[in-house]
Amino acid sequence: MFTGLVQLVGTLGARRPGPQQQTLVIEARLEARDRVLGASVAINGVCLTVTESDADQFAVDAAFETLQRTTLGDLAVGAALNLEPALRVGDALGGHLVSGHVDGVGRVRSVEARGDAREIWVDVPPELMRFCAAKGSICIEGTSLTVNEIDAKGLSVGLVPHTLQATTLHALAAGAGVNLEVDQIARYVARLLDHRADVAAAPGLSVDDLLEAGYLDPGEGRR
């Protein structure tokens, strides 16, 4: 689990191609406890597992599904990356609960300066819009943000100066793809409502059903 609070910005140092995945080498000085073999690190919002590391860099394997369904497959060597080590029990939850499982890729519609801050509109895949609500949470490129507004195609967020300085989001421009993870609470509420609707729509038992199943005597069923 993660919080969407980016801890540092690293650099994609190299790609090592493999038959079904790529090994990504990330240049970043993570603390030793955060880069041990098997540790989880969110990279632009994608949870990946450390396979090797030293003081100056670490490596992760990104499978074909990850490369196809996130922005990681399109990044060039030298690209800046938002990094967050996994949340530990007892750590402050300053953002919101983030799993690191990207739900889809959005597209930046516009970027507009608001004094020292910026307003960004992102077009969201239609199947994810039902999970987005004004004043709710959204994770964009691994960064926990509050939704300001929504419309038929997407949502807007505000980036304060600290976020612009501490993450890669200052470099976003119209047309850029961004990893999106919707709020987990919204996801579960939607699933419960879907299940409730499915149950309500299911046909109920009739007397004929009970008779056919042998639960009623034919004479009993028609009284």
Side-chain angles (χ1 to χ4, degrees), residues 1-88 95 98-109 111 118 120 122-125 127-128 138-145 157 159 163-182:
M1 298 298 295
F2 305 91
T3 67
L5 298 183
V6 173
Q7 300 298 307
L8 73 162
V9 173
T11 302
L12 179 58
R15 288 182 181 271
R16 299 177 192 156
Q20 294 293 329
Q21 79 283 327
Q22 290 185 4
T23 297
L24 307 180
V25 179
I26 314 298
E27 297 174 353
R29 297 184 64 84
L30 289 179
E31 292 187 24
R33 67 173 189 169
D34 293 328
R35 55 177 172 80
V36 297
L37 184 66
S40 295
V41 180
I43 301 170
N44 280 7
V46 183
C47 177
L48 294 172
T49 302
V50 174
T51 57
E52 57 185 271
S53 73
D54 59 32
D56 297 312
Q57 62 184 25
F58 66 97
V60 296
D61 290 336
F64 64 94
E65 183 79 359
T66 298
L67 297 172
Q68 291 174 356
R69 293 186 176 273
T70 74
T71 63
L72 296 186
D74 297 326
L75 295 178
V77 172
L81 304 167
N82 291 326
L83 305 177
E84 182 190 355
L87 179 68
R88 286 180 167 79
V98 173
S99 69
H101 300 157
V102 171
D103 292 301
V105 174
R107 192 69 54 184
V108 176
R109 184 193 309 172
V111 179
R118 292 181 193 173
I120 294 183
V122 177
D123 289 332
V124 176
E127 65 273 17
L128 299 183
I138 187 79
C139 190
I140 299 178
E141 290 290 282
T143 307
S144 173
L145 297 166
V157 295
L159 305 180
T163 301
L164 294 171
Q165 294 168 5
T167 74
T168 64
L169 300 188
H170 66 274
L172 290 180
V178 289
N179 292 325
L180 300 176
E181 181 183 332
V182 300

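Everything quoted here is computed from the prediction, not taken from an experiment.
Atom CG of L145 sits about 8.0 Å away from atom OG1 of T167, to the nearest 0.5 Å. For the atom pair NE2 of H170 and CG of L164, the computed distance is 8.5 Å after rounding to the nearest 0.5 Å. Going from atom CG of L83 over to atom CG of N44 covers 7.5 Å, rounded to the nearest 0.5 Å. To the nearest 0.5 angstrom, I26 atom CD1 is 14.0 Å from D56 atom CG.
Among all heavy-atom pairs drawn from A14 and V77, the shortest one is CA-CG2, 4.2 Å. Here the closest heavy-atom approach between residue T3 and residue S144 is recorded as O-CB, 3.5 Å. V105 and G177 get closest at one heavy-atom pair: CG1-CA, 4.1 Å.
Contact check for T49 versus D61: no side-chain heavy atoms found under the 4.5 Å cut-off. At a threshold of 4.5 Å between non-hydrogen side-chain atoms, the residues S40 and C47 count as touching. Residues V122 and I140 meet the side-chain proximity criterion, which asks for heavy atoms closer than 4.5 Å. In this structure the side chain of I43 reaches within 4.5 angstrom of the side chain of F58, judged on heavy atoms. Using a 4.5 Å cut-off on side-chain heavy atoms (C-beta onward), L12 and L81 make contact. Taking the side chain as every heavy atom from C-beta outward, V178 and V108 approach each other to under 4.5 Å. Counting heavy atoms from C-beta outward, L180 and V182 have side chains that stay 4.5 Å or more apart.
Side-chain contact check for T168 and E141: no donor-acceptor pair (N or O, by modelled atom type) lies under 3.5 Å. N179 and T71 share a donor-acceptor pair across their side chains, judged by distance under 3.5 Å alone.
Panel note: side chain T143, backbone G4; no donor-acceptor pair is recorded below 3.5 Å. Using modelled atom types, no side-chain atom of T66 and backbone atom of A62 make a donor-acceptor pair closer than 3.5 Å. For R15 (side chain) and Q22 (main-chain N/O), no donor-acceptor pair under 3.5 Å exists by modelled atom type. A donor-acceptor pair is defined here as one N or O able to donate and one able to accept, closer than 3.5 Å; such a pair exists between the side chain of R35 and the backbone of L30. Looking at S99, its side chain does come within 3.5 Å of a backbone N or O of H101 through a donor-acceptor pair. Counting only distance, with no hydrogens or angles, the side chain of E84 and the backbone of Q7 share no donor-acceptor pair below 3.5 Å. No side-chain donor-acceptor contact under 3.5 Å links E181 to the backbone of I138.
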Candidate pair R88 and D34, rule salt bridge (Lys or Arg N to Asp or Glu O under 4.0 Å), full reasoning: CA-CA 10 Å; R88 286 180 167 79; D34 293 328; 2.8 Å; yes
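In summary, R109 and D123 engage in a salt bridge, as defined by a charged side-chain N under 4.0 Å from a carboxylate O. Salt bridge status for R16 with E52: present, with a side-chain N to carboxylate O gap under 4.0 Å.
Heavy atoms of other residues, nucleotides or ligands lying less than 6.0 angstrom from CZ of R69 number 12 at most.
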